[in-house]
Amino acid sequence: MTLRVYNTLSGEKELFETVKPGEVGIYLCGPTVYKPSHIGHAVGPIIFDVIKRYLTFKNFKVTWVLNVTDVEDKLIAESQAQGRDMLELARDLERQYVDAMAALGVKNIDYMPRASEHIQEIIDHIGQLMEKDYAYAVDGDVYFDVSKDEDYGKLTNRKADDQESGTREGLVKAAKRNPGDFALWKAAKPGEPDSAKYKAPWGSGRPGWHIECSAMAMKYLGQTFDIHGGGLDLKFPHHENEIAQAESATDQVFAKYWLHHGLTRFNTKKIAKSDPEMAKVMESLQITNLLKKHDPEVLRFLILQSHYRSPIEFSEDVVKAAKTGLGTFRRLLERIERVTNADPYKPELQIERMRDVEMDPRSRSLFDELMQSRVRFLEELDDDFNTAGAIAVLFEIASAMNKYIDDAKLETHSEELPRNVLRACGGTLVSFGNILGLFERRPAAVSMGDDGKVPALLELLVDVRKMSREAKQYGIGDHIRDELTKLGITLEDGKDGTRWRID
RNA sequence: GGCUGCGUACCCAAGUGGUUUAAGGGGACGGAUUGCAAAUCCGUUAUUCGCCGGUUCGAAUCCGGCCGCAGCCUCCA
């Protein structure tokens, strides 16, 4: 099985071949920490987290870098508006971001370099470009000369001359040699905080955004590495400029594969802070607020249910549908636990290992189906990380297992063999989910602000219901159940007693 | 104006030349099960992939035109 990835550079799916055998270097553009992150900021980290998990599963040694931009014009403006120290504000927002990502199951980032801590590397990088005459300084600013870079624009297929002149004209500084030249270094201006001023050979100031990324990417991953990712709104100018800087400085290929993920939308529009309409709903789209309302695994599941290159239309309805869908797996895992008496979240048995075990026809047929699903699941991920297709396979697996439990009547009487088959199937389901960062742990019980009394009270109600039902007093039992449903508590009468579920 | 994409059922969403006379999820409806529910299982819900034309033995998938939507060209995941 071979992995193919869509490379923005070629516009095609390409066979994935690493720069160094067995190793993969990944750089993903992270946040500029000047405002709280919104749900759209989670898409990149989640899909790249899956990419890393999958490549690791395929036995690659993966190094994943995600940067934090903490020296930037907007951050300066925001800190001044709030009257807070710039770096203090940046650290605060960074912590929120990291916590939110951790909650969403993004835990495999190897390096999170901050721009503010890589000024020397950035200055060296600019120095190289000046030495090779790709860059020039004017009044303390340093610009990259796009006319010197012959293949400038190769990522997004554009020529600086063809771009709309109207929007740009007002911003063009007379000092620039070409309108498309971009800043590598910005001279400090009066009134800017000291924490945004760094000494450089061409004067005090701060780095441009683009150079931060190429400098840090090369520091941690080398001059040439495998995958560079980001939102597709970063293709131009950010990634185009990164390529120009890095390849002009080193004469080597910068990143081999460029992966761009789709943007999250709300009401068909990209979620962006600068959009005035969006600003009104921004608070509800902030990750920290969404995490207060929704299970993080549901949000992750929702994001992975579409292909990473597609846009995601975010709404409460979509979250609800994702929650219901994920619930299917959670109930199945609970069911497996009841039948097998083993913790399904710690899978130690896999279906492949049951190959030579003698089985009844029903078990054999489930085994066969799962072995086929296994192949399809991996094929989906090999096809440009098609997580949506992979999840579809998981649903089919879940359905087959539920049917098996039903048909073999495992809940009322179960023998050793079917229990082991089920345990192995559950193990496979969970380990596949784990590749997507799902089913990693038992869903947290919904907190009702109690001190353990709610479960006890529910047990009491269940008990009362049981007594009334045994006396054929169904009205009482139904009343209890109906009223609990209104509170978001579901009662299920099974053969082995009544179970309750909150929310 | 230049450059990218996208348009698949009631909703979300895979699939980009034959293995698909279109996965999967949500919803709705019918059946099994249940005292009734819930959960689970079975079935139904696109002869059709924005529209029109072309290429091909064969197209949702390729080409052209049109319509609609989004992204970039200024900071943005």
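Bear in mind that the values here come from a model prediction, so they are computed numbers and not experimental data.
Nucleotide B/G68: paired with B/C6 (Watson-Crick or G-U wobble, both distances less than 3.5 Å). When both pairing distances are held under 3.5 Å, B/A59 makes no Watson-Crick or G-U pair with any nucleotide shown. Nucleotide B/C41 has B/G31 as its partner under the Watson-Crick or G-U criteria, with both atom distances under 3.5 Å. The partner of B/A23, taking Watson-Crick or G-U wobble pairs whose two distances both stay under 3.5 Å, does not exist in any strand shown. B/C75 is unpaired under the criterion used here, namely a Watson-Crick or G-U wobble arrangement in which both key atom distances are under 3.5 Å. The partner of B/A13, taking Watson-Crick or G-U wobble pairs whose two distances both stay under 3.5 Å, does not exist in any strand shown. B/A46 is unpaired under the criterion used here, namely a Watson-Crick or G-U wobble arrangement in which both key atom distances are under 3.5 Å. When Watson-Crick and G-U wobble pairs are counted only if both distances are under 3.5 Å, B/C36 pairs with no nucleotide at all.
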### Trace of the side-chain hydrogen bond (donor to acceptor under 3.5 Å, both in side chains) decision for A/Ser363 with A/Tyr404
CA-CA 8 Å; A/Ser363 300; A/Tyr404 180 76; 2.7 Å; yes
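Annotation: of the two residues near RNA chain B, A/Lys495 and A/Asp317, the 5′-most nearest-nucleotide partner is A/Asp317. Nearest-nucleotide mapping onto RNA chain B: of A/Thr490 and A/Gly325, the residue sitting toward the 5' end is A/Gly325.
Atom CZ of A/Arg376 and atom P of B/U20 are 12 Å apart (whole Å). Rounded to whole angstrom, the span from the CZ atom of A/Arg330 across to the C1' atom of B/U40 amounts to 18 Å. Distance A/Asn241 CG to B/U74 C1': 12 Å, rounded to the nearest Å. Per the geometry, CZ belonging to A/Arg499 stands 13 Å off C1' belonging to B/U34, to the nearest Å. Distance NE2 (A/His239) to P (B/U4): 18 Å, rounded to an integer number of Å. As rounded to whole Å, 13 Å separates atom P of B/A37 from atom CZ of A/Arg469. Put simply, OH on A/Tyr34 is 7 Å from P on B/A77, counting in whole angstrom units. Residue A/Ile476 contributes atom CD1, which lies 19 Å from atom P of B/C36 at whole-angstrom precision.
The aromatic rings of A/Phe395 and A/Phe301 stand perpendicular to each other, their planes meeting at an angle above 60°, with 30° marking the opposite boundary. Classified by interplanar angle (parallel below 30°, tilted 30° to 60°, perpendicular above 60°), the ring pair A/Phe385/A/Tyr308 is tilted. The aromatic rings of A/Trp258 and A/His260 sit parallel, their planes meeting at an angle under 30°, below the 60° perpendicular limit.
The ring of A/Tyr97 has its center no closer than 6.0 angstrom to the ring center of A/His41. Between A/Tyr257 and A/Tyr6, the distance separating the two ring centers is not shorter than 6.0 angstrom. A centroid separation of less than 6.0 Å is found between the aromatic rings of A/Phe144 and A/Phe182.
Across the C1' atoms, B/C57 and B/G50 are found 28 Å apart, a figure rounded to whole Å. The same atom, P, is picked in B/U61 and in B/G7; the two are 11 Å apart, to the nearest Å. The P atoms of B/G17 and B/G5 are separated by 16 Å, rounded to the nearest whole Å. Distance noted for atom C1' between B/A60 and B/C6: 14 Å (whole Å). With C1' as the reference atom, B/C10 and B/C29 are 13 Å apart, rounded to whole Å. Using atom P as the reference point in both B/G65 and B/U19, the two lie 29 Å apart (nearest Å). Rounded to whole Å, the separation between the P atoms of B/U40 and B/G26 comes to 8 Å. Using atom P as the reference point in both B/A9 and B/A22, the two lie 14 Å apart (nearest Å).
Remark: A/Thr32 is not in phosphate contact with B/C75, judged by side-chain N or O atoms under 4.0 Å from OP1 or OP2. Under 4.0 angstrom from either OP1 or OP2 of B/U40 there lies at least one side-chain N or O belonging to A/Arg331.
For the pair A/Arg364 and A/Phe367, the distance from NZ or CZ to the six-membered ring centre is under 6.0 Å and the angle to the ring normal is within 45 degrees.
The environment of CD in A/Glu150 is sparse: at most 12 heavy-atom neighbours from other residues, nucleotides or ligands sit within 6.0 Å. A/Lys154 NZ: more than 12 foreign heavy atoms inside a 6.0 Å radius.
With distances taken from any side-chain atom of A/Arg481 to the nucleotides B/C73, B/A37, B/U4, the minimum falls on B/A37. Across B/A38, B/A77, B/C42, the shortest atom-to-atom separation from the side chain of A/Ser399 is found for B/C42. Set against B/C3, B/C72, B/A77, the side chain of A/Phe236 has B/C72 as its closest nucleotide. The listed nucleotides are B/A77, B/G35, B/C75; the one nearest the side chain of A/Pro237 is B/C75. Side chain of A/Thr328, nearest nucleotide from B/C73, B/U40, B/A39: B/U40.
A/Phe395 comes within 4.0 angstrom of the backbone, heavy atoms only, and of no base. Looking at heavy-atom distances under 4.0 Å, A/Ser37 makes no contact with the nucleic acid at all. Backbone-only engagement by A/Gly30 is indicated by non-hydrogen atom pairs under 4.0 Å involving sugar-phosphate atoms exclusively. As judged by a 4.0 angstrom heavy-atom cut-off over every strand, A/Ala392 is placed among the base-contacting residues. A/Arg309 comes within 4.0 angstrom of nothing in the nucleic acid, heavy atoms only. If you check every strand for non-hydrogen atoms under 4.0 Å, A/Leu234 touches sugar and phosphate atoms only. Heavy atoms of A/Leu28 sit nowhere under 4.0 angstrom from any nucleic acid atom. Across all strands shown, A/Lys269 has heavy atoms under 4.0 Å from sugar-phosphate atoms exclusively, and none from any base. When heavy atoms are screened at a 4.0 angstrom cut-off, A/Leu491 is found touching base atoms of the nucleic acid. As judged by a 4.0 angstrom heavy-atom cut-off over every strand, A/Asn402 is placed among residues touching the sugar-phosphate backbone only. A/Lys270 comes within contact range of at least one nucleobase, with a heavy-atom separation under 4.0 Å. Residue A/His238 is classed as having no contact, given no heavy-atom separation below 4.0 Å to the nucleic acid. A/Gly44 comes within 4.0 angstrom of nothing in the nucleic acid, heavy atoms only. Counting any heavy atom pair closer than 4.0 Å across all strands shown, A/Arg265 reaches sugar-phosphate atoms only and no base atom.
One can find a donor-acceptor pair under 3.5 Å joining the base of B/C75 and the side-chain atoms of A/Lys74.
In summary, the side chains of A/His479 and A/Gln473 do not present any donor paired with an acceptor at a separation below 3.5 Å, with no hydrogens or angles considered.
Applying the side-chain hydrogen bond (donor to acceptor under 3.5 Å, both in side chains) rule to A/Arg4 yields no partners; only residues at least two apart in sequence or on another chain are considered.
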### Task
Let me have a per-nucleotide readout for nucleotides 11-18 of chain B, 5' to 3', with B, S or -, counting only protein heavy atoms under 4.0 Å.
--SSS---
